[in-house]
Peer 1: 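This is the structure I have questions about; it appears just below.
Please read all numbers here as calculations on a predicted model, not as lab measurements. Side-chain atoms are counted along with the backbone in the values below, which use heavy atoms only and exclude waters and symmetry mates. Labels below follow one simple rule: chain letters A, B, ... track the order of the sequence lines, proteins then strands, and each chain is numbered from 1.
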Protein chains: 2
Amino acid sequence: MDVQRYKKLEARAGILKAMAHPTRLFILEELAERKHNVGELTEKIGADISTISKHLNVLKSEGIIHDERMGTNIYYHLSCPCVLNFYQCVEGVIKSKADEQASLLK
Amino acid sequence: MDVQRYKKLEARAGILKAMAHPTRLFILEELAERKHNVGELTEKIGADISTISKHLNVLKSEGIIHDERMGTNIYYHLSCPCVLNFYQCVEGVIKSKADEQASLLK
DNA sequence: GATGTATTTTGCTATTTTGCCAAATAAGCA
DNA sequence: TGCTTATTTGGCAAAATAGCAAAATACATC
């Protein structure tokens, strides 16, 4: 495979990979509603705060979310609402998967 | 987090995860053009055939691709062309990332 | 500067992923 | 049946990921 093409695919895969975790998808859903800080997310999720902090860093590193400091608090928000478009895409795949399994049962 | 919600997120994350690899994205792009067998994909990618076979299995397990046996050959194809919609989504995120970095330089 | 609150980083372990190689399986044909 | 081609599976090592707990950092206030 051509190096140029591989680099492009790697960049795309990076974004998908950053989103590919249930906790991180939860974070994105919550951020789509309103900005949150680590503490708020931790409370809603129920894991160690350091774990959530790392998940936030994964999303931030890929440019999917943004942080904004307000005093001692750091608020995170979506870099772009387009992230929500992914849901329609995923839903499409899930639906076609369901349809297929249904047709196997016929 | 509520168990129901977590399960849903897990299903979505599974699909994203299956796609989150440059080689697997390459495979999806090629399959969008036409069906391929493992040998053809291996040649285009340049890796061990067993490696590609495993990547195909990852995509198949999530129901993203399909296989169809034709004699000794097994041809793979996309379960649903909607997979291509992901590209627009990813591109949107990449663009917002680029815009942001550009604005930092101003 | 000292203290308290919010957050990240480090250290550690367990698990998963990736990729090659060799061995096993599947189907077609002499 | 035996041989060939196409493909998958098992084994293994290296690398990446995830999660908790403890230590470190950042900012605000006293």
Side-chain angles (χ1 to χ4, degrees), chain A residues 1 3 6-7 9-28 30-31 34-77, chain B residues 1 3 6-7 9-28 30-31 34-77:
Chain A
M1 191 193 330
V3 185
Y6 192 82
K7 291 222 171 192
L9 293 172
E10 238 179 352
R12 283 155 182 66
I15 290 174
L16 291 165
K17 195 170 166 188
M19 296 178 67
H21 189 287
T23 299
R24 293 199 289 268
L25 287 179
F26 179 92
I27 290 173
L28 293 178
E30 294 302 308
L31 294 188
R34 62 168 176 84
K35 65 185 176 188
H36 284 70
N37 59 29
V38 203
E40 291 168 339
L41 290 168
T42 300
E43 198 167 333
K44 289 190 178 183
I45 294 166
D48 194 276
I49 192 170
S50 67
T51 300
I52 306 303
S53 178
K54 278 182 187 169
H55 281 307
L56 286 167
N57 189 52
V58 170
L59 292 168
K60 196 176 101 178
S61 305
E62 280 295 329
I64 300 170
I65 63 174
H66 236 117
D67 61 344
E68 166 203 15
R69 172 149 234 152
M70 291 177 75
T72 51
N73 294 288
I74 296 178
Y75 282 93
Y76 287 88
H77 48 87
Chain B
M1 190 193 332
V3 184
Y6 192 82
K7 291 223 170 192
L9 293 172
E10 239 179 352
R12 282 154 181 67
I15 289 175
L16 290 166
K17 195 170 169 189
M19 296 178 67
H21 190 286
T23 300
R24 292 197 289 267
L25 287 179
F26 179 93
I27 290 173
L28 293 178
E30 295 302 308
L31 295 188
R34 62 170 178 81
K35 65 185 177 189
H36 285 70
N37 59 29
V38 201
E40 291 168 339
L41 290 169
T42 300
E43 199 168 330
K44 290 189 179 184
I45 294 167
D48 194 276
I49 193 171
S50 68
T51 300
I52 306 304
S53 177
K54 280 180 187 172
H55 280 306
L56 286 167
N57 189 52
V58 170
L59 293 167
K60 196 176 102 178
S61 307
E62 280 296 328
I64 300 170
I65 63 175
H66 236 118
D67 62 343
E68 165 202 18
R69 174 149 232 151
M70 291 177 75
T72 51
N73 295 287
I74 297 179
Y75 283 95
Y76 287 90
H77 48 88

Peer 1: Given atom CG of A/L41 and atom P of D/dG19, what is their separation to the nearest angstrom?
Peer 2: 14 Å
Peer 1: For the pair B/E43 (side chain) and B/E40 (backbone), establish whether a donor and an acceptor sit closer than 3.5 Å, ignoring hydrogens and angles.
Peer 2: no
Peer 1: Report yes if a donor N or O on one partner sits less than 3.5 Å from an acceptor N or O on the other, where the partners are the side chain of A/S50 and the base of D/dA21; otherwise report no.
Peer 2: yes
Peer 1: Given side chains that start at C-beta, do those of B/T23 and B/I52 come closer than 4.5 Å, heavy atoms only?
Peer 2: yes
Peer 1: What heavy-atom pair brings A/Y76 and A/L31 nearest, and what distance separates the two atoms?
Peer 2: O-CD2, 3.3 Å
Peer 1: If I compare all heavy atoms of B/R12 with all of A/L25, which pair ends up nearest, and what's the gap?
Peer 2: CB-CD1, 3.8 Å
Peer 1: Please confirm whether the shortest side-chain N or O distance from B/N73 to OP1 or OP2 of D/dT7 is below 4.0 Å.
Peer 2: yes
Peer 1: List, with names and distances, any nitrogen or oxygen atoms from the protein found under 3.5 Å away from nitrogen or oxygen atoms belonging to nucleotides 26-29 of chain D.
Peer 2:
none

Peer 1: Closer than 4.0 Å, any side-chain N/O of B/H55 to the OP1 or OP2 of C/dG19?
Peer 2: yes
Peer 1: For B/R24 and B/A18, work out which heavy atoms get closest and say how close.
Peer 2: NE-O, 2.5 Å
Peer 1: By nearest atom, which of the nucleotides C/dT18, D/dC20, C/dT7 is closest to the B/H21 side chain?
Peer 2: C/dT18
Peer 1: Which heavy atom of A/I65 sits nearest a heavy atom of A/K60, and at what distance?
Peer 2: CG1-N, 3.6 Å
Peer 1: Between C/dT18, D/dA18, D/dC20, which nucleotide has the shortest distance from any of its atoms to the side chain of A/R24?
Peer 2: D/dA18
Peer 1: Using only side-chain N and O atoms of A/K17, determine if any of them is under 4.0 Å from OP1 or OP2 of D/dT17.
Peer 2: yes
Peer 1: Taking only side-chain nitrogens and oxygens of B/N37, does any of them come within less than 4.0 Å of OP1 or OP2 of D/dT7?
Peer 2: yes
Peer 1: Which of these nucleotides, D/dG11, D/dT8, C/dT9, is closest to any side-chain atom of B/K54?
Peer 2: D/dG11
Peer 1: For a quick test of reading the model: is some side-chain N or O of B/Y76 closer than 4.0 Å to OP1 or OP2 of D/dT8?
Peer 2: yes
